[in-house]
*Asks:* 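Sharing a structure here in structure tokens format.
Sequence lines set the chain letters: A, B, ... in the order given, protein chains first and strands last, and positions in each chain run from 1.
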Amino acid sequence: MIDLKALRTDPERFKDGCRKKNSPVDIDHLLRLDTQRRDLMSKAESLRAEQKKLAKESGPRIGQLSGKLKASQGDERAAIEAEIAQLKAAPASLKDQIQTLDDQINTITPELESLLLTIPLPPDDDVPVGTSSDDNVEIRRWAPQGWDWDKTFEQNRGFKPKGHIELCDALGLVDFPRGVKIAGTRSYVLTGMGMRLHQAVLRYAIDFMVDRHAFTPMSVPVLVREEAMVGTGFFPGGREQAYHVEETSRGGGQDMFLTGTGEVGLMGLHQNEILDEADLPLRYVTVSTCFRREAGAAGKDTAGLYRIHQFDKVEQVVICRADEQESRDWHQKMLGFVEDFLQSLGLPYRLLQCCTGDLGAKNADMIDVECWMPGRGELSPSPEGGASSPTAPDAPAPAGEFGETHSASRLYDYQCRRLNMRTRPGGAGGKGETVFCHSLNNTVAASPRILIPILEMFQNKDGSVSVPEALRPYLGGADQILPA
RNA sequence: GGAGAGGUGGCCGAGUGGUUGAAGGCGCACGCUUGGAAAGCGUGUGUAGGUUUACCCCUACCGAGGGUUCGAAUCCCUCCCUCUCCGCCA
């Protein structure tokens, strides 16, 4: 959520942000509502002040008169009753006026608040302006020794790559048909070494963050209240993307939602808390199952492990002081952790600076990491083959393509404001105004998607797959995956 | 699923109709004290909105929403949440 005061002071900044993010939110309407509301409120407030004053003045007098009333009769009694009635009448008339104003305020407020939740955080000035992921800009790329970006996989390695689906099939790592039988489209069953590899990557990722970078490991809920979804900024915008567990319709108190990322649980931890500045930055890492409806992605990446409804993800989150430079520093650090991680696995990748149109409402800046996936992309004829024939050696091979595996977001106070997560200068009991913290998040490893580049990059000519060295300790020392 | 208890400030905890925005304590800040520290003493210390150069002032907020009343933390209604016991259960 953005700061309404800041919006009032500098609406152009936010309008510009909306333009850059292609967000159609009507800021002028919001400002009109805000002006109206404040106007009504100040009227209601001064009436209320008047009412309070009258009540204080006439209250004791009413009490006095009521006492007298009992002991009186005749004309005296009538006079007292009249005075009481008069004393009561003045505040009572104010009450009606206040009620009318309150009704108007109560009509405007919910509209204003829900509108406010949809205003995007303006992107930082150094984020390139663009309309879609096509306008994202590559920052840098890395590949292990022996990998030449100018050559195809086949030229680099001397044989045509198989796609991960074929590898999974041949090595008995994933059972797609049975996954679909159980849970429908975009479902899968990890089997045998497939499951072990999946667990190995996740565990390695957690250990990497905890042991090398002093992150605190957490296990957090993945079934959460709506409040947590709104607070972390996934709702209302991403409502269609989340699975909704209807509990109210069967007698429960609240509906629940399955989270699409561990970020929700991690960021929800300190909702409505005032954190001690000395404890910052908080560094949390979790592994959690993530659920995504993939609404709107029908027909896209339908096969394989790339786009699926359920997966597991190791996520890192940092909550730091409200300082832009500190946020920026952490953003770079969190990217650095991921680069080290991928390099330790030997996976070629590139960093993409996302353009304004690709940031989403929450982010001031977002940098994606994409791993090279040799099995993705258009089929292209073998370079040597010339006119290709359907026979195996000349059959077209996939050209390879980058696939998104990580996304590092810098949100400043957008999320913490929604979550009401603050610090107070001088500690929890100290003095001074509270300020909203800053938050950042980044993937460490999302599996099974990360298995795609691992399997495809580490495949051998004989159809086996080598295990990256970093993962071997988690697989009982195994260095190869052979056909089952 | 059955029964009960409870939701008050950064935290604990009083408070059942009228200067109660809220006693008391803890914490924190400042001052005194001290060679220094602790203890002790004193003073201050909620959040949000509005107004203001600033000081001040006004309003709202005691889980949420509604109601009664001249006046509600306090009475009434609805809802939400948390806890305890029993039952069931990985």
*Asks:* Out of the candidates Gln480(A), Arg196(A), Gln199(A), only one should pair with Leu475(A) under the side chain to side chain contact (heavy atoms under 4.5 Å, CB included) rule; please name it.
*Replies:* Arg196(A)
*Asks:* Flag yes if more than 12 heavy atoms outside Glu240(A) fall under 6.0 Å of its CD atom; otherwise flag no.
*Replies:* no
*Asks:* Taking C30(B) as the reference, what is the distance to C83(B) when you measure between their P atoms (whole Å, please)?
*Replies:* 38 Å
*Asks:* Whole-Å distance between A60(B) P and Leu101(A) CG?
*Replies:*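 My rounded result for the distance is 14 Å.
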*Asks:* Pick the closest RNA chain B nucleotide for Ser46(A) and for Gln99(A) by heavy atoms, then say which residue is nearer the 5' end.
*Replies:*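 Taking each residue's closest nucleotide, the earlier one in sequence belongs to Ser46(A).
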*Asks:* Any donor-acceptor pair under 3.5 Å joining the side chain of Glu45(A) to the base of G49(B)?
*Replies:*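 Under the 3.5 Å cut-off, the side chain and the base do form a donor-acceptor pair.
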*Asks:* Rounding to an integer number of Å, can you tell me how far Asn272(A) CG sits from G9(B) C1'?
*Replies:* 14 Å
*Asks:* Would you measure the distance from the P atom in C75(B) across to the matching atom in U16(B) and give it in whole Å?
*Replies:*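 Roughly 9 Å separates the two P atoms.
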*Asks:* Using the P atom in both, what is the distance from G2(B) to C88(B), to the nearest Å?
*Replies:* 15 Å
*Asks:* What's the closest nucleotide to the side chain of Arg48(A) if the choices are G67(B), U59(B), G49(B)?
*Replies:* U59(B)
*Asks:* So that I can tick it off, tell me whether Lys15(A) and Glu12(A) are bridged by a salt bridge, with the cut-off set at under 4.0 angstrom between side-chain N and carboxylate O.
*Replies:* yes
*Asks:* Please give, in whole Å, the distance from C58(B) C1' to Leu40(A) CG?
*Replies:* 17 Å
*Asks:* CG of Asp39(A) versus C1' of U59(B): gap in Å, rounded?
*Replies:*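 It works out to 15 Å between those atoms.
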*Asks:* Does A60(B) have its OP1 or OP2 closer than 4.0 Å to a side-chain nitrogen or oxygen of Lys52(A)?
*Replies:* yes
*Asks:* OP1 or OP2 of G71(B) sitting under 4.0 Å from any side-chain N/O of Gln51(A)?
*Replies:* yes
*Asks:* Can you confirm whether Asp368(A) sits close enough to Met366(A) that some side-chain heavy atom of one is under 4.5 Å from a side-chain heavy atom of the other?
*Replies:* yes
*Asks:* Using a cut-off of less than 4.0 Å, is there contact between a side-chain N or O of Arg8(A) and OP1 or OP2 of G50(B)?
*Replies:* yes
*Asks:* Within this structure, what is the CD1-to-P distance between Ile98(A) and U69(B), rounded to whole angstrom?
*Replies:* 15 Å
*Asks:* Tell which nucleotide pairs with C55(B), taking only Watson-Crick or G-U wobble pairs whose two distances are both under 3.5 angstrom.
*Replies:*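 Per the H-bond distance test, none.
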*Asks:* Would you kindly compare Arg250(A) and Gly253(A) by the position of their nearest RNA chain B nucleotide and give the one closer to the 5′ end?
*Replies:*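 Between the two, 5'-proximity favours Arg250(A).
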*Asks:* Answer with base, sugar-phosphate or nothing: what part of the nucleic acid does Arg37(A) contact at a heavy-atom distance below 4.0 Å?
*Replies:*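 Answer is nothing: Arg37(A) stays at 4.0 Å or more from every strand.
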*Asks:* Looking at C80(B), C58(B), G49(B), which one has an atom nearest to any side-chain atom of Ala49(A)?
*Replies:*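 In terms of side-chain proximity for Ala49(A), the closest of C80(B), C58(B), G49(B) is C58(B).
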*Asks:* Under the 3.5 angstrom rule, does the side chain of Lys362(A) hit a backbone N or O of Arg410(A) as a donor-acceptor pair?
*Replies:* no
*Asks:* Mind checking Lys43(A) for me? I need base, sugar-phosphate or nothing, with any heavy atom below 4.0 Å counting as a touch.
*Replies:*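 No contact.
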*Asks:* Between atom CZ in Arg225(A) and atom P in A64(B), what is the gap in whole Å?
*Replies:* 15 Å
*Asks:* If the C1' atom of U74(B) is compared with that of A23(B), how far apart are they to the nearest Å?
*Replies:*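 Their C1' atoms lie roughly 15 Å apart.
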*Asks:* Can you tell which of G50(B), A48(B), G10(B) lies closest to the side chain of Thr434(A)?
*Replies:*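 Per side-chain heavy atoms of Thr434(A), the pick is A48(B).
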*Asks:* Report the distance from atom CD of Glu247(A) to atom P of C81(B), rounded to the nearest whole Å.
*Replies:* 10 Å
*Asks:* Does a side-chain N or O of Arg422(A) approach OP1 or OP2 of G46(B) to a distance below 4.0 Å, or not?
*Replies:*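 Arg422(A) to G46(B) OP1/OP2: no side-chain N or O under 4.0 Å.
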*Asks:* Write down the distance between CG (Asn106(A)) and C1' (A64(B)), rounded to a whole number of angstrom.
*Replies:* 13 Å
*Asks:* Does the salt bridge (Lys or Arg N to Asp or Glu O under 4.0 Å) test come out yes or no for Arg48(A) and Asp102(A), once each step is laid out?
*Replies:* CA-CA 11 Å; Arg48(A) 224 185 286 274; Asp102(A) 278 349; 3.1 Å; yes
*Asks:* Is A3(B) paired to anything, Watson-Crick or G-U wobble with both distances less than 3.5 Å, and if yes, which nucleotide?
*Replies:* U84(B)
*Asks:* Taking U20(B) as the reference, what is the distance to G31(B) when you measure between their P atoms (whole Å, please)?
*Replies:* 31 Å
*Asks:* Rounding to an integer number of angstrom, what distance separates G18(B) and U69(B) when you compare their C1' atoms?
*Replies:* 12 Å
*Asks:* Could you tell me how the ring of Tyr204(A) sits relative to the ring of Tyr474(A): parallel (under 30°), tilted (30 to 60°) or perpendicular (over 60°)?
*Replies:* tilted
*Asks:* Could you work out the separation of A73(B) and C62(B) based on their P atoms and round it to a whole Å?
*Replies:* 7 Å
*Asks:* Which nucleotide in the list C81(B), U47(B), U51(B) gets nearest to the side chain of Gln254(A)?
*Replies:* C81(B)
*Asks:* Should G44(B) form a Watson-Crick or G-U wobble pair with both distances under 3.5 Å, which nucleotide is its partner?
*Replies:* C28(B)
